Amino acid sequence: MPDSSFKPTPKQQFAQFKVGVDNVIFSVDTAFNRLLVLLVMRQGEAYLNQWSLPGTLVRQSESLEQAAYRILSENIRVQNLYLEQLYTFDRLEQAPMEAEEDSAHYLSVSYFALVRFDEAELIANGVSGIAWYPIQYVPKLAFDRDRILQYGYRRLRNKLEYSPVAFDVLPERFTLNDLYQLYATVLGENFSDYSNFRAKVLKLGFLSDTGVKASRGAGRPASLYRFDAEAFDLLKDKPMVFI
């Protein structure tokens, strides 16, 4: 005989989500050997005049990647860049302009980008200020975006160790010292000495000597190299560490 005291559990409501995109945009100022991150200044009521990462809500019929590129286009003009989805952050503090009365659950899908510093033109579109900050001098960010920045910084460092991401932001022709300075700036000067780095990179075989020399200062002219994507394709599925 069925138990008459049994009562079915009410159906749980599915969570209502709002999805935002936050970009961690890095660049390397090779002239002063500084790793920089792009910050925007809040002009909303909450966290007024405090710095945060460039971010937006995803619009209807807009993909996550399209939203990430939109953030880029609203804040920076640049021809060469590397963009990659970083991570989905749950339960970050939500900006009031993104809030609604229904208190929708907020997810931030973050991206990180690496752009060429010398060709990047900043645009203050919809913000009261925009600036490059050296990574070691970044202030506390509004809306708990420090977590995203820290995660993006770790990803950038890891990517440099096994992928050709550096060549997306170097000029087409570069010296080995240019490449070394980029690595040293991001990873720290103690990661490797120049001689060991040079030997390891050349041994991998995906740098082509252009036969052209570059004269800089009073030193001996240095060879200019070019990244060989086809040669790298032969190595991309093998364990490999540049440094």
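These figures come from a predicted structure and were not determined experimentally.
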For the student: nearest non-hydrogen atoms of Lys213 and Pro221, plus distance: CB-CB, 3.8 Å

Compare all side-chain heavy atoms of Val37 with those of Val138 and state whether any distance is below 4.5 angstrom. yes

What I want to find out is whether Arg157 reaches Glu161 closely enough, with some N-O distance under 4.0 Å, to be called a salt bridge. no

Measure from the side-chain N and O atoms of Asn23 to the backbone N and O of Ile25, and report whether any donor-acceptor pair falls under 3.5 Å. no

Salt bridge between Glu84 and Lys159, side-chain N to carboxylate O under 4.0 Å? yes

Check the pair Leu81 / Tyr69 against side chain to side chain contact (heavy atoms under 4.5 Å, CB included), numbers first and verdict last. CA-CA 11 Å; Leu81 62 89; Tyr69 275 108; 4.3 Å; yes

With distance as the sole test, does Asn196 use its side chain to make a donor-acceptor pair with the main-chain N or O of Ser192 at under 3.5 Å? no

Between Val28 and Leu149, is there a shared hydrophobic cluster once you connect ILVMFWY residues whose side-chain heavy atoms come closer than 4.5 Å? yes

Leu35 versus Phe26: any side-chain heavy-atom pair under 4.5 Å? yes

Answer yes or no: does atom CD of Glu230 have more than 12 heavy-atom neighbours from other residues, nucleotides or ligands under 6.0 Å? no

Between Tyr194 and Leu182, is there shared hydrophobic-cluster membership here, with clusters defined by ILVMFWY side-chain heavy atoms closer than 4.5 Å? yes

Taking it one step at a time, do Ile135 and Leu36 satisfy side chain to side chain contact (heavy atoms under 4.5 Å, CB included)? CA-CA 5 Å; Ile135 192 71; Leu36 307 171; over 6 Å; no

Euclidean distance, Ile148 CD1 relative to Ser110 OG, rounded to 0.5 Å: 5.0 Å

For the side chain of Thr175 and the backbone of Leu224, is there at least one donor-acceptor N/O pair under 3.5 Å apart? no

Rounded distance (nearest 0.5 Å) linking atom CG of Leu160 with atom CZ of Arg155: 12.5 Å

Is the ring centre of Phe167 less than 6.0 Å from the ring centre of Phe174? yes

Tyr87 ring center near Phe89 ring center (under 6.0 Å): yes

Of all heavy-atom pairs linking Ala142 and Ser52, the shortest is O-OG, 3.5 Å

Report yes or no: does Asp29 contribute a side-chain atom to a donor-acceptor pair with the main-chain N or O of Arg34 at less than 3.5 Å? no

What heavy-atom pair brings Phe232 and Phe227 nearest, and what distance separates the two atoms? CB-CZ, 3.7 Å

Looking at Leu114, Asp168, Leu72, which hits side chain to side chain contact (heavy atoms under 4.5 Å, CB included) with Leu83? Leu72

Polar side-chain atom of Arg116 near backbone of Leu170 as donor-acceptor pair, under 3.5 Å: yes

Within the 4.5 Å heavy-atom criterion, are Trp132 and Ser27 side-chain neighbours or not? yes

Flag the pair Leu207 / Arg226 as yes when at least one side-chain heavy-atom distance between them is below 4.5 Å, and no otherwise. no

Are Tyr183 and Leu204 connected into the same hydrophobic cluster when the rule is that any two of I, L, V, M, F, W, Y join if their side-chain heavy atoms are below 4.5 Å apart? yes

Using the rule that two of Ile, Leu, Val, Met, Phe, Trp, Tyr join whenever any of their side-chain heavy atoms come within less than 4.5 Å, decide whether Leu39 and Leu86 are in one cluster. yes

Using a 4.5 Å cut-off on heavy atoms from C-beta on, say whether the side chain of Leu38 contacts that of Leu122. yes

To the nearest 0.5 Å, what is the distance between CG (Asp228) and CG (Asp209)? 12.5 Å

Could you check whether Thr56 and Arg70, counting side-chain N and O atoms only, form a donor-acceptor pair closer than 3.5 Å? yes

Donor-acceptor pair, distance only, cut-off 3.5 Å: does the side chain of Glu119 make one with the backbone of Gln79? yes

Can you find a heavy atom in the side chain of Phe112 that is under 4.5 Å from one in the side chain of Tyr82? yes

CA sep, side-chain torsions, deciding dist, call: Lys18, Leu107, side chain to side chain contact (heavy atoms under 4.5 Å, CB included): CA-CA 6 Å; Lys18 293 182 70 65; Leu107 295 177; over 6 Å; no

Contact summary for Ser73 and Ile123, nearest pair of heavy atoms: O-CD1, 3.6 Å

Show, in sequence, the C-alpha distance, side-chain angles and deciding distance for Tyr225 and Leu202, and conclude whether the side chain to side chain contact (heavy atoms under 4.5 Å, CB included) test is met. CA-CA 10 Å; Tyr225 289 83; Leu202 290 179; 3.8 Å; yes

Is there side-chain contact between Asn75 and Ile71, with heavy atoms separated by less than 4.5 Å? yes

Is there side-chain contact between Ile76 and Ile130, with heavy atoms separated by less than 4.5 Å? no

Distance check, rounded to the nearest 0.5 Å: Leu187 atom CG versus Phe197 atom CZ? 9.0 Å

From Gln181 CD over to Thr30 OG1, what is the distance, rounded to the nearest 0.5 angstrom? 8.5 Å

If you draw a 6.0 Å radius around CD in Glu172, do more than 12 non-hydrogen atoms from other residues or ligands fall strictly inside? no

Asp146 side, atom CG; Asp144 side, atom CG - distance, nearest 0.5 Å: 6.5 Å

Could you verify whether a donor N or O on one side chain and an acceptor N or O on the other, from Ser108 and Asp22, lie under 3.5 Å apart? yes

